[in-house]
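Here is the structure we will look at.
Computed from a predicted structure; not experimentally measured.
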Amino acid sequence: VEKIPKSFESVDHYLGSFHYSLLEEIRADISASLEVIDKAPFGELIYFDEKPLGSLFFKVQVDYWRKLSGDGKEPYRTLPGDIVIISDAKPETASDLLRLGWNWTFAFVTRVSDGESDDSNASTSFTVKVARDIVISERKQKSLYIVYLVNVLPSKRVWSALRMRKNLNLIEKVLCSENEKQDEDKCDVCSTSNNDGLSGEVVNNLLSKLNDSQAEAILTSLDSLKCCHKPSVELIWGPPGTGKTKTMSVMLFILLKMKYRTLTCAPTNVAITQVASRLVKLISESFNNPSAEMDICPLGDILLFGNKYRLKVGQDIEEIYLDYRVDRLVECLVPVTGWKHCISSMSGCLEDCISQYNIYVDNELIKLKELSDQQEAQKEKEKISSLIDFVKSRFKSTASSLRRCLLTFCTHLPLSFIREENFEKMVRLISLLDCLEGMLFQDNLGSKDLVQLFSCQQPIEVSSDSFLDEWSLPCLRSQCLFLLKDICQSLGELSLPRAMSKESIREFCIQKASLVFCTASSSYKLHPLDIKPFDLLIVDEAAQLKECESVIPFQLPCLRHTVLMGDECQLPAAVMSRVSEEAGFGRSLFERLSSLGHSRHLLNIQYRMHPSISQFPNSSFYRNQICDAPDVKHKTYEKRYLPGKCFGPYSFINVPLGKEEMDDVGHSRRNMVEVALVMKIVDNLYKGWGGSRKKLSIGVISPYAAQVLAIKGKLGRRYDNLEGFEVKVKSVDGFQGGEEDIIIISTVRSNLGGSIGFLSSLQRANVALTRARHCLWILGNEPTLLNSNSVWEALVLDAKERQCFFHADEDNDMRTTVLDVKKEYDQLDDLLNADSILFKSQRWKVLFSDNFRKSFVKLTSSRLRKSVISLLVKLASGWRPKRKNVDSISESSSQIVQQFKVEGRYVVCSIYIQKDSTYTQVLRVWDVLPLEEVAKLLKRLDNIFSMYTDEFIKLCKEKCLEGDLEVPKIWMLCREISQYKSISSESQLNHESTGAEDGRSCVEYSRVSESLLLMKFYSLSSGVVNHLLSDHHGEALDLPFEVTNEEREIIQFSRSSFILGRSGTGKTTVLTMKLLQKEQQHHNSVEGLNKAGKQEVNQFEGEADEDNQCVGEAIRETLRQLFVTVSPKLCYAVKQQISQLKSFACGGSFSAENSLLEIDDLDGTTQFRDLPNSFIGIPYMKYPLVITFHKFLLMLDGTIGSSYFDRFHLKWDLFEDRSLRSAALRSFIREKEVNYECFCSSYWPHFSTVLTKNLDHSRVFTEILSYIKGGLKSGDFHDGKLSKEAYISMSEHRVSSI
C-alpha cells in the first residue's frame, strides 16, 4: 500500500492509486469482524442446494438467525454483498477456524429471496457464492452453520468503478492542480451565448431569503452549467450552522424550475434523506396556495432510491421513494382495475345511472320470483336499494377509485411528462367530484331530481368566473363528463409504462425524474440503465466521501459538471485500516482540491449557535471567518434551562474525580462519574421542563462507544414517549449533521499523562462543539485536557479566560452525585487529595503521603476504607476525639503526631506549617497501619522531626478552638520561620562566598539509596550549596549524599560513562551529582576568569543588567549540559535542585523549604512551556537543560532543517497556529509510543491464543523490552532477567550505528 498522491499523471495512475488501499481496507474490515465473531449473527443451515459440479453458487436456507442485534447496533438483515462463513461448527474465535479438521469457507451473498416481506426479520433464504467447495460427505453427518461477518457491497462497487473507463470528463478535470485555470478554460462558444438566466417570482423570492454568500454560491455554481463543452468542478464550503442544507435545497429547486436533470449524492443514507426531506418541504410550501382548489403537490420529478431498510424512509419522503412510487403506479396502470377502468366507470355512472338502476332492480326482481317462500321474498324485496341509495353508493365507490388514481398520477408522474395543463385538469376533476359527491348526499335531494339530473344529455356551459359551490348538479355533472373524456384522451396519448413489469416502471421513473437522490454507492445502479444523461452532479457532505467513492457517479454517461458541498474541518470518512488511513485512503476529493488551492465558496454566516458557543470553533477551526446571524445574537436566543452559573450558554465543567476505564471487552472507554453527572443534569432538565408545551431537545455526545452505551443503559426508556422532551445519546460520528437545543459533551478521559487518544482529532472536536443551539456544557478533566497538547488544551484555557470554567463540586447536586458514584464503585482512593471534593472546603487542609495512599488502596474491606475516609473528613472539619485511641507512641513524636484508631488500624497524622500567603497549620496524614507497624513509622518520623527547629515544633503544637472544633492557626508573613535546625559552628563551612546564608544551613546528610522517592523531593541545604560552589582549587568534592566508593568514582570520572544498574541502585543520584560537579567546575572557571579580567567589576552588582548578573557578558561562557529522563516527575525534581543552585550562584537566596507541589500534578509539557522546540537560540540561563525524552525529540526535530515527522503526513495544513501544530506533534508521539498499557490494549489481543494461553502479558512485554535492550541473547536467560555481569558483558559487544 503506497501513499496516494495529491496530483496524478494520468487517468490510469489516478484510478490505480486506490487499488491496494481498497483491498487492504476490505481485509481490515473482515479481520475486525473476525475478532468479534462470537457476537456475530449466525444460524443453522437447514437447506443447502448443490448446483452442478464445479459451480460455486448455492441456494441456502437458515432455520432462523440468532444474535440479530447487540451493543446498540441496528438489527441485522441479510443483504447482497454480505460476507459470511459457512462451517460445520459454530466458531467462537477466529483461531477456531485454524483448528485441524474444521471444514469451512468464506461465502458471498449474491441474491436475497424477494418472497420474504417481513420487515422485522432477516431473510432466511438466499443465494451464496462460496470461496471453495465444502466437503459434502461431512455435511450429511454434521450440521452446517452460517455466520455473518461484514457487508462489502460498497467496496465491491468502488472496485468495479476503479476498473471502468467510461465517461472520464470529470476525472480528467480533477487529476491535478491545474484547475485554477478556470478563467482561461472558459468556453468561448458558451460564454458569449445568450441565457435567460434565473427568472420567476418563486425563484427570486427564494434567493431573496438567502444571505449574500449563499446566493453567490448558487449563482456561480449554476453559471457553470451554461457550458456544454468543458467540465467544471465547484466547491461550496459550509461550516456548521451556515445553512448548507438550505442552500442546497434552494439550488435544487431552482434547477428543477430551470429543467436541469440533476443527480444528488451523499456518502450516507442519513445525509441523503435529510437533503431530500428538506427539498420536499420546500416544494410543498411553494405549492401550498390557500386560494387553490386542491392542495396537491406534484413530486414526480423528484426520486429517491436505495436500500429501504437503511434509508429508513419516513412519511415526509415516502412519496418520492422509488419502491413506494412503483407500487402506487402499478395499481393505476393495471388494465382491469387501472385508470382507464376508473374513468370509464365514472363516465358510465354519470351518463347511464338511471338505466343502470333499472337493470339492477330488474335483476333483483328476477331473483325474488325464484324464491318459493313469500315471507322471505318480501324481506328480500325490502332490501332493494332506492334510486337515491343506489346512486350514492355507486358514485362513492367509483369516485373513490378514480380519485386515488388521479392523485397518484398528479403526485408520482413528473410534471414535465404529464404536462401542466393535464395536471390542472386532473386537479379540477378531483374538486368537481368532491363537490358533486357533497351535493348528491344532501338530505333534500329526491328521486325526481335524480331522474331529471341524469336524463339531461345536453352539455351545459358554465362561466369560468363562477365558483364551484354556486354550480347546480346538472352543471357539475356536465363538467365532470367533459373532463373525464378530455383527461382520458390526453393520458392515452402519453407513453405510460405497462403494469406487467415492475422493472419497466422503475426505469420509467428514473428516466423521467429531474432530480434523483441516492448515496454515492447506490449510484452504481444507474450505470447499466439506458437513461437520459444528467446535467449536473451535486455531492452533499463531500468531505465525508472517500475520493475513490466519488469515481462511481463521476463516470455516469455525458456528465460534465459537479458541485461538491462539504467541510473538511468536520469528520472525514471512516477508515478501518491504519495502513490505508496513513496512505490517505480516507481523504475526500473536496479535501484534496482544497489543499491544492481550488477556489471555494464559503458560507460565512451561521444561524445555529449562540455566539458564546460559536466563538471557540470559529477562532480555532475557521480563522474567524464566520459571522453570527442577527437572530442568534438577539437576547431572546439566550436560554436559561437550569439555575446556576455553570449552566449558561457555554461552560466547561471540570470533573476532577472522574476515572476512565475500559469496557468489558477492552475495546472502548467509559467514565462512570461523568455518566452519573450526565444523568443528573438530564434529570434536572426534565424537572425544570415539567411538562411545558415548549419543545426541548437534548443531545448527549461522547467520543467513546462504551460511554454512549453506559449512558443509554442508565437512561433506559425513561424519556422515550414524552411529547416535547427528547433526549438523544450518540457518538460524535452519529451526531454529524445534527443539532439540539442543549448539548452535553462527556469527554471521558481522565489520567495523569494527558493521554486522550482519538479525542485529539480536530475534526471530531469541531463536530462535537458545533451541535448546540442554545447551550453547550462540556464535562471533562481539566489536568488531562490541559496536558493533552491538543485543541482541548486551548479550549480549557479559553474557557478560563472567558470565565466559563467551573468545577463540578461548586454545584451541590453535582458534588453529591460525584460522591455517590465514588462510593458506589468503591473508588474512594481518588478522594485522597487536598483539592478533592471531600477536603477542598474543609477547615483543615489535608496533605496525604504516598505511603498512606498505597496503604489505603491495600485495605481489602470496603467498609474499612469508608470508615477511614469518614474519620479524615471529621478531622478536616475540626473534630477531635475527647479520648485518644492510642496504644503506643514515640516519646519525641508525641509532641505533634496523633494516632486515631479505626477498626483495628491506626491513622497516623501530624500538624505541619505550610507557607503560602500566610503561615498556616495543615494536617499531614502519614499512613494507615496495623498496630505492630506503627512503632517503625514513628521512629522514622522521630528522625525527621529531630531536624525541625524548636520554634517550628512549638507552632505545630499550638491550638485554636472554636467551640468544640479545633481550627488551624494562621500567622502573617512578618518574619521568616525556620523549619530546620542550624548546624553547629564547628561543622559550618566557612568560605568567602558564604555569608549570612550559613546561618540557615540544615542537616541533610542523609542516605538516599533506600528510596528513589526521597531523591525526587530532596532539597540541598544552603551550606552544601555554598561548599559545592566555593572550592576554587578544584579539589575533590564533599558530596551532599552518602555514596559508595564505586559511585564516587563514576561521579568524578571526567570522560563519558555508561552506567548499568537496576531500579533503585542509585543511577539517578550518580547522574545528578555528576551534573552538579560539572556546574561547580564551570562556576569556578568562570569566576576565576572574571576576577582576572575584571577585578574592578563587582559580579553581583545590583545595577548590572540581566545579562551581567552572574559574570560579565564579554567573558561569560555557557556550559550547555543536557539531562534527559523519561519520567516528568523525576525531571521536575532534578530541575528544582538545579534552579536553586543557579539562583544561589547568581546572588539570590537559597530556599531550604520543601516544595509542596503535588507530584501527581506534574506532566511532561507544562514545565517546558518556556522552552522552544529547538536547541538553537536557547538563553544561557535555561542551562542546564533538564527535559524529558519527549521534549528532547521535539527540540531535536525543530533543530534540523526538515521535520522528521513530515513522513507521517500529519495534517499541518488544517491550521496555521504553531501551538496547535506543536500540540498535534506531541499528541502523535504519545499515540505512537508503545508503553505497557498500549501493549495490553492494542497488541496483546492480536497474539495467537494458542501461543499465549499459558503466558502472562506483563512477562511477554518485559521480555520484548529485554530483547530490545540486550539483543538476541537476552532471551536465553531465565525469566528474561540478566545478572549484572551478563548485562555488562552483553553491553560490551553493542556498537552504535549513529
Side-chain angles (χ1 to χ4, degrees), residues 646 652-661 671-677 680 746-754 779-787 796 800 805-859 862 864-879 900 902 907-910 912 914 916 920-928 967-968 1129 1156-1163:
C646 58
F652 181 94
I653 302 174
N654 176 37
V655 185
L657 292 176
K659 188 172 184 178
E660 67 176 67
E661 59 187 21
N671 185 322
M672 299 311 296
V673 171
E674 290 188 12
V675 170
L677 288 176
K680 188 63 180 177
S746 172
T747 57
V748 177
R749 302 308 295 264
S750 179
N751 55 72
L752 298 177
L779 303 178
N781 181 258
E782 175 198 6
T784 301
L785 299 181
L786 276 180
N787 298 333
V796 174
K800 288 184 174 182
F805 182 91
F806 306 94
H807 295 279
D809 56 356
E810 293 174 352
D811 180 88
N812 289 332
D813 279 348
M814 288 196 287
R815 180 178 184 273
T816 304
T817 301
V818 172
L819 290 176
D820 291 342
V821 174
K822 304 309 284 186
K823 293 176 183 177
E824 179 184 354
Y825 291 95
D826 198 13
Q827 298 174 355
L828 298 175
D829 53 305
D830 295 337
L831 302 172
L832 302 180
N833 189 295
D835 294 325
S836 73
I837 292 178
L838 274 182
F839 299 101
K840 187 176 182 180
S841 58
Q842 298 292 348
R843 300 295 297 269
W844 285 83
K845 182 174 183 179
V846 184
L847 304 179
F848 299 93
S849 72
D850 285 342
N851 286 335
F852 174 79
R853 290 191 177 96
K854 293 176 182 177
S855 298
F856 183 84
V857 172
K858 293 179 182 178
L859 297 177
S862 174
L864 178 57
R865 284 194 292 269
K866 291 179 181 179
S867 298
V868 171
I869 288 290
S870 178
L871 170 67
L872 293 173
V873 171
K874 291 169 67 177
L875 293 175
S877 67
W879 171 87
F900 302 94
V902 183
V907 178
V908 182
C909 310
S910 70
Y912 182 73
Q914 186 179 52
D916 196 2
T920 308
Q921 287 181 331
V922 297
L923 184 66
R924 175 170 281 178
V925 183
W926 293 99
D927 214 333
V928 53
V967 298
K1129 299 178 182 179
L1156 292 177
L1157 181 65
E1158 289 289 342
I1159 193 69
D1160 287 341
D1161 293 337
L1162 297 177
D1163 60 84

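- Proximity of Leu871 to Trp879: side-chain heavy atoms (C-beta onward) are separated by under 4.5 Å at one or more points.
- Taking 4.5 Å as the limit, every side-chain heavy atom of Asp811 sits out of range of all side-chain heavy atoms of Phe806.
- Judged purely by distance below 3.5 Å, without hydrogens or angles, the side chains of Ser855 and Asp927 pair a donor atom with an acceptor atom.
- Looking only at side-chain heavy atoms (C-beta outward), Val873 and Phe839 come within less than 4.5 Å of each other.
- Across all their heavy atoms, Leu785 and Gly780 have their closest contact at CD1-CA, 4.3 Å.
- Asn781 places a side-chain N or O within donor-acceptor distance of the main-chain N or O of Val655, the cut-off being under 3.5 Å.
- Lys822 places a side-chain N or O within donor-acceptor distance of the main-chain N or O of Leu657, the cut-off being under 3.5 Å.
- No side-chain heavy atom of Met672 sits under 4.5 Å from any side-chain heavy atom of Glu660.
- Side-chain contact between Met814 and His807: absent, with no pair of heavy atoms (C-beta onward) separated by less than 4.5 Å.
- Note that the NZ atom of Lys823 and the CG atom of Leu831 stand 9.0 Å from one another [nearest 0.5 Å].
- The CH2 atom of Trp844 lies 10.0 Å from the OG1 atom of Thr920; values are rounded to the nearest 0.5 Å.
- With hydrogens and angles ignored, the 3.5 Å screen pairs a side-chain donor or acceptor of Thr784 with a backbone N or O of Asn751.
- Judged by distance alone, the side chain of Ser750 and the main-chain N or O of Gly658 form a donor-acceptor pair under 3.5 Å.
- Residues Val907 and Val902 are in side-chain contact: their nearest non-hydrogen atoms beyond the backbone lie under 4.5 Å apart.
- With a 4.5 Å cut-off on side-chain heavy atoms, Val818 and Asp809 do not count as touching.
- Side-chain contact check for Phe805 versus Val796: some heavy-atom pair is nearer than 4.5 Å.
- Ion pair Arg853/Asp850 flagged as a salt bridge, since at least one NZ, NE, NH1 or NH2 atom sits closer than 4.0 Å to an Asp/Glu carboxylate oxygen.
- Ser746 contributes atom OG, which lies 8.5 Å from atom CG of Leu677 (distance to the nearest 0.5 angstrom).
- Counting non-hydrogen atoms of other residues, nucleotides and ligands closer than 6.0 Å to CG of Asn812 gives a total of 12 or fewer.
- Listed for the Glu674 side chain is a donor-acceptor partner under 3.5 Å among the backbone atoms of Val748.
- No donor-acceptor pair under 3.5 Å is formed between the side chain of Ser870 and the backbone N or O of Lys866.
- Rounding to the nearest 0.5 Å gives a distance of 11.5 Å between OG of Ser877 and CG of Leu838.
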**Request:** Start with the C-alpha distance between Leu847 and Val925, add both sets of side-chain angles, then the distance that settles side chain to side chain contact (heavy atoms under 4.5 Å, CB included), and finish with yes or no.
**Result:** CA-CA 6 Å; Leu847 304 179; Val925 183; over 6 Å; no
**Message:** With side chain to side chain contact (heavy atoms under 4.5 Å, CB included) as the criterion, how do Phe852 and Leu872 come out once you've worked through the C-alpha distance, each side chain's angles and the decisive distance to 0.1 Å?
**Reply:** CA-CA 12 Å; Phe852 174 79; Leu872 293 173; 3.6 Å; yes
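- Smallest separation of non-hydrogen atoms from Trp926 and Ser910: NE1-OG, 2.8 Å.
- A distance-only check finds a donor-acceptor pair linking the side chain of Asn654 to the backbone of Glu782 [under 3.5 Å].
- Here the CG-CD distance, from Leu875 to Gln842, works out to 10.0 Å after rounding to the nearest 0.5 Å.
- Residues Val821 and Ala676 approach most closely at CG2-CB, 3.1 Å, considering heavy atoms.
- In the displayed structure, Lys845 atom NZ is contacted under 6.0 Å by at most 12 heavy atoms of other residues, nucleotides or ligands.
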**Request:** Might you work through the side chain to side chain contact (heavy atoms under 4.5 Å, CB included) test for Tyr912 and Gln921, ending with a clear yes or no?
**Result:** CA-CA 6 Å; Tyr912 182 73; Gln921 287 181 331; over 6 Å; no
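- Note that CG of Asp826 and CG of Leu828 are 5.5 Å apart. Values are rounded to the nearest 0.5 Å.
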